[in-house]
Number of protein chains: 2
Amino acid sequence: MDATTQQSGRRMGPPGSENWHAMLDGAEAILRDEGHAALTSRRVAEQIGVKQRLVYYYFRTMDELIIETFKRLSERELARLNQARASAKPVREIWDVCIHTTDARLVSQFMALAHRIEGLAKEVVHFVEESRRIQVEALTEAMERAGKTTRVTPAGLALLATSVALALTREGQLGISAGHEDVRVLVDEFLGELGEG
Amino acid sequence: MDATTQQSGRRMGPPGSENWHAMLDGAEAILRDEGHAALTSRRVAEQIGVKQRLVYYYFRTMDELIIETFKRLSERELARLNQARASAKPVREIWDVCIHTTDARLVSQFMALAHRIEGLAKEVVHFVEESRRIQVEALTEAMERAGKTTRVTPAGLALLATSVALALTREGQLGISAGHEDVRVLVDEFLGELGEG
DNA sequence: GTCTATACACCGATAGAC
DNA sequence: GTCTATCGGTGTATAGAC
């Protein structure tokens, strides 16, 4: 039971190899540009110029490919958040990461898929909890440093910020703008009061 | 070109009839419980105990059925919002409608589908803009009545509230709870200050 | 490692009878 | 109004050759 022969006994390609990454790249692009309905083994193969059969050499099922795509994406996102947290203006940079997050379309595709794919839901939960933890730590430290207090706890503030950041990108892509500028101004003011202007 | 013979010339069943509603009911249930992948004409027919062919008597395409399902749902939701707005505690009741909104699963399925189905995206935009308008009007009135001012405009507040309400239900269904109670307390305090405790 | 070939199921949509 | 029957296409996944 090594990297190339997983539980089923069927021969499998090595995770992390060039083709493996290319398939995740393809899956991500298809999901973003065409949506879940177009995410098929044939389409992924076509996207990266290989035969359909090869997809099943690297992934046991399409669900597994989808889960791996999300995992790679969320690990990159968590790395960006940790990097932002270690910067000179951690809260502002974390906000920027959230606002310039992975395309809102991609997020909604994964959210919808998570209903059907249990393993994906588990990964989504893990990502949300980890990113919130990072945000809460950064907020707590920054507020202490600036001697600032708020009506709501750092955890509540993190939830509010994540929610509205996602809404701003999602609605923005749909062409909705009511209230958007007002919220951005509010966030900017708050960051100024934290000394991260 | 009457109700029973639309553009294509193919004979069509009347919108609003018993079967028509039954099909939307079925589509809604399938979307909620099994996700977009299971929403097929055969599955809808099976769900309500008719033959597959009949689905295409009432709807020209599956996309049309999906759009109609969302339209009926969003019209019901707007009616609930308007009713809440006319009550004694409009802002609190609107918040309750948003929190006990249509299953968050259903929302994410429609959001994902809206990428592929242009007509659905149009309906989603209309719904979001209308519901925000109702919320802003209610908030503006209530704040005036209570003589309360906030750092953010009513439009910004409405966007914040909608975003976090959706996040609370979505994350709640996934089993995530960090920061949730804090936000609920904050909202309760705010409603108290509006005289809607 | 990568391929050809293929089994098998299900999908959307339509023709035309009753 | 509702049905039977069906076309043409596409999906997941596997067997086994090179």
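Only heavy atoms go into these numbers, but all of them, side chains included; no hydrogens, no water, no symmetry mates. Proteins get letters first, then strands, A, B, ... in listed order; numbering begins at 1 in each.
With a 4.5 Å cut-off on side-chain heavy atoms, A/Asp182 and B/Leu159 do not count as touching.
Remark: the backbone N or O of A/Gly26 is not paired with any side-chain donor or acceptor of A/Gln47 at under 3.5 angstrom.
Between A/Tyr56 and D/dA13, a side-chain N or O to OP1/OP2 separation shorter than 4.0 Å is present. Between B/Tyr58 and D/dT2, a side-chain N or O to OP1/OP2 separation shorter than 4.0 Å is present.
Between B/His36 atom NE2 and C/dC10 atom P the separation is 18 Å, expressed in whole Å. In this structure, the CE atom of B/Met12 is 11 Å from the P atom of C/dA13, given to the nearest Å. Straight-line distance from the CE atom of B/Met23 to the P atom of D/dG1: 13 Å, rounded to whole Å. B/Arg43 places its CZ atom 10 Å from the P atom of C/dC11, with the value rounded to the nearest Å. To the nearest angstrom, C1' of D/dG11 lies 10 Å from CE of A/Met62. Separating the CG atom of B/Asp63 from the C1' atom of C/dA13 is a distance of 13 Å, rounded to the nearest angstrom. The nearest whole Å value for the distance from the CD atom in B/Glu34 to the P atom in C/dC11 is 11 Å.
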Exercise. Show the numbers, then the answer: is there a salt bridge (charged side-chain N to carboxylate O under 4.0 Å, His left out) between A/Arg72 and A/Glu75?
Key: CA-CA 5 Å; A/Arg72 193 185 65 166; A/Glu75 276 160 17; over 6 Å; no
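Using modelled atom types, one finds a donor on one side chain and an acceptor on the other under 3.5 Å when comparing A/Thr162 with A/Gln135. Under 3.5 Å, the side chains of A/Gln52 and A/Ser41 contain a donor-acceptor pair of N or O atoms. No donor-acceptor contact under 3.5 angstrom links the side chains of B/Arg105 and B/Gln109, judged on distance only.
Listed by residue number, the members of residues 25-32 of chain B with any heavy atom below 4.0 angstrom from DNA chain C form an empty set.
Between A/His36 and B/His36, the two ring planes are tilted [angle within 30° to 60°].
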When you compare the protein's N or O atoms with those of nucleotides 3-10 of chain D, which come within less than 3.5 Å of each other, and at what distance?
none

